[in-house]
Protein chains: 2
Amino acid sequence: MAQNKKNQFDQQDIDIALIAKALSHPARIAIIRALARRNTCICGEIVQMLPLSQSTVSQHLKELKDVGIIRGSIDGPRSCYCLDHQRLSWCMQKLSVFFNESITGILP
Amino acid sequence: MAQNKKNQFDQQDIDIALIAKALSHPARIAIIRALARRNTCICGEIVQMLPLSQSTVSQHLKELKDVGIIRGSIDGPRSCYCLDHQRLSWCMQKLSVFFNESITGILP
DNA sequence: GACGTATATCGTAAATATGCGATAAAGTCA
DNA sequence: TGACTTTATCGCATATTTACGATATACGTC
């Protein structure tokens with residue numbers, strides 16, 4: 001029981017759900033906002049800003065990286081993150097289209 | 001451990017995360033799409049459309065109802081659901097503002 | 001090379017989500 | 001009333017997420 005049935009849905013719906021899942025925790029929203037504030041990337045400063053441990057923040061960063069919303073690069077002993085604006089725009093586009101179709105009732 | 005720290009974040013971020021969470025499962029996306037297709041509400045037909053049991057679908061419907069995206073009404077022995085367009089627009093607005101702020105870097 | 005710093009990953013515990021069958025509740029119809 | 005239909009909810013099993021400390025890794029500095 002409790003088998004995963006998520007892959008039995010339309011790829012479109014799976015994609016939207018994956019984007020939404022990446023945004024479904026306030027820590028990840030806060031991280032995105034923090035990176036948006038300074039277009040220069042931050043690193044462990046993010047840990048200071050959140051009420052979470054270093055390892056937990058690292059996990060959230062990884063989740064955002066996995067969906068491509070942020071990118072990480074190594075800068076000496078520390079690693080810096082920044083938003084992938086192109087990917088962010090793509091996500092917004094996907095969600096916007098979904099919402100607009102749902103609201104207007106005009107679906108493909 | 002694994003205590004819930006979600007309420008230690010900005011209310012803004014919590015709100016966005018809650019909207020995203022409601023959309024974070026393909027079944028719920030499919031339900032919204034189905035309701036958008038026919039502006040007339042459906043009921044147990046939704047169960048037929050999804051690869052899930054009746055009880056599981058009922059749970060997903062409840063989750064969408066809890067965030068206000070859909071509304072349910074009783075029609076004889078069956079219950080009908082329909083989109084709350086106003087609430088949907090509000091959700092889209094919230095997400096759009098968040099995305100736009102993040103992309104442009106112009107934050108309040 | 002030895003030490004300190006920063007970060008990712010591992011292991012684990014707890015919480016939450018997902019999914020189902022069984023059952024309850026509420027309605028319809030003979 | 002009794003049989004049937006439809007849906008919500010309960011109880012439970014499993015999967016996933018969240019969170020942390022401990023540890024490993026990688027880098028810079030002395």
Side-chain angles (χ1 to χ4, degrees), chain A residues 1-9 13-14 17-31 34-35 40-67 69-82, chain B residues 1-9 13-14 16-31 34-35 41-67 69-82:
Chain A
M1 306 158 192
Q3 43 204 312
N4 197 338
K5 299 214 162 179
K6 285 184 182 170
N7 38 10
Q8 297 184 28
F9 291 84
D13 294 347
I14 295 173
L18 281 178
I19 295 170
K21 201 165 80 61
L23 304 175
S24 68
H25 194 292
R28 295 194 286 272
I29 299 295
I31 289 172
L35 291 176
T40 163
C41 327
I42 333 175
C43 6
E45 299 167 303
I46 298 173
V47 176
Q48 304 295 323
M49 309 174 63
L50 302 182
L52 297 172
S53 75
Q54 179 266 320
S55 56
T56 303
V57 172
S58 200
Q59 269 184 71
H60 285 299
L61 287 166
K62 180 166 160 37
E63 274 184 83
L64 288 172
K65 210 166 63 173
D66 286 346
V67 294
I69 289 177
I70 70 176
R71 272 174 302 162
S73 62
I74 297 172
D75 169 29
R78 57 195 79 199
S79 70
C80 288
Y81 289 94
C82 61
Chain B
M1 304 159 194
Q3 43 203 315
N4 197 341
K5 300 214 164 181
K6 285 185 181 169
N7 38 9
Q8 296 184 27
F9 291 84
D13 293 348
I14 294 173
I16 304 246
L18 281 178
I19 296 170
K21 202 166 79 61
L23 304 175
S24 69
H25 194 292
R28 296 194 284 271
I29 299 295
I31 289 172
L35 291 176
C41 329
I42 334 176
C43 6
E45 298 168 303
I46 299 171
V47 176
Q48 304 295 322
M49 307 173 65
L50 304 181
L52 298 172
S53 76
Q54 179 265 321
S55 57
T56 304
V57 172
S58 199
Q59 269 184 71
H60 284 300
L61 287 167
K62 178 165 162 38
E63 273 185 85
L64 288 172
K65 210 165 63 175
D66 286 346
V67 295
I69 289 177
I70 70 176
R71 274 175 300 163
S73 61
I74 298 173
D75 170 28
R78 57 196 78 198
S79 70
C80 287
Y81 289 94
C82 61

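To the nearest 0.5 Å, atoms CD (A:Q59) and OG (A:S53) are separated by 8.0 Å. Here the CG atom belonging to B:D13 is positioned 13.0 Å from the NZ atom belonging to B:K6, to the nearest 0.5 angstrom. In this structure, A:K5 NZ and B:H25 NE2 are separated by 10.5 Å, a value rounded to the nearest 0.5 Å.
The minimum heavy-atom distance linking A:N7 with A:I14 is given by the pair CA-CD1, 3.9 Å. B:I70 and B:L35 get closest at one heavy-atom pair: CG2-CD1, 3.7 Å. What you find for B:G72 and B:Y81 is that their closest heavy atoms are CA-CD2, 3.6 Å. Shown here for B:Q54 and B:V47, the closest heavy-atom pair between the two residues is CA-CG1, 4.0 Å. Here the shortest heavy-atom pairing between B:L64 and B:A22 reads CD2-O, 3.9 Å. Between A:A30 and B:F9 the shortest heavy-atom distance is CB-CD2, 4.3 Å.
The interatomic distance linking B:I14 (CD1) with D:dT18 (P) rounds to 14 Å, in whole Å. Rounded to whole Å, atom C1' of C:dA17 lies 14 Å from atom CG of B:D66. The distance between atom CD of A:Q48 and atom C1' of C:dT5, rounded to the nearest whole Å, is 13 Å. Separating the CZ atom of A:R78 from the P atom of C:dG4 is a distance of 18 Å, rounded to the nearest angstrom. For the pair A:H25 NE2 and C:dT16 P, the computed distance is 11 Å after rounding to whole Å. Look at CG on B:D75: it is 13 Å from P on D:dA8, rounded to the nearest Å. One can place CD1 of B:I46 at 9 Å from P of D:dA8, the figure rounded to the nearest angstrom. Put simply, CD on B:Q8 is 9 Å from P on D:dC20, counting in whole angstrom units.
Rounded to 10 degrees, the angle separating the terminal helix axes of the helix from C:dG1-D:dC30 to C:dA30-D:dT1, each built from five base pairs, is 10°.
Inter-residue side-chain proximity for B:I46 and B:H60 is flagged as unmet; no heavy-atom pair is nearer than 4.5 Å.
Of the listed nucleotides (C:dT9, D:dA8, D:dC20), D:dC20 has the atom at the smallest distance from the side chain of B:K5.
An OP1 or OP2 oxygen of D:dA8 is reached within less than 4.0 angstrom by a side-chain nitrogen or oxygen of B:Y81. For D:dT16, the OP1/OP2 oxygens have a side-chain nitrogen or oxygen of A:N4 closer than 4.0 Å. When the side-chain nitrogen and oxygen atoms of B:H60 are compared with OP1 and OP2 of C:dG19, one or more of them lie within a distance under 4.0 Å. Between A:S79 and C:dA8, a side-chain N or O to OP1/OP2 separation shorter than 4.0 Å is present.
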Study note, to complete from the structure: B/S/- along nucleotides 21-30 of chain D (protein heavy atoms under 4.0 Å) is BB----SS--
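The residue among A:K6 and A:K65 whose nearest nucleotide of DNA chain C is located toward the 5' end is A:K65.
Using a 4.0 Å heavy-atom distance criterion, B:L61 is classed as making no nucleic acid contact. Within the 4.0 angstrom heavy-atom criterion, only backbone atoms of the sugar-phosphate kind lie near A:K21; the bases stay farther away.
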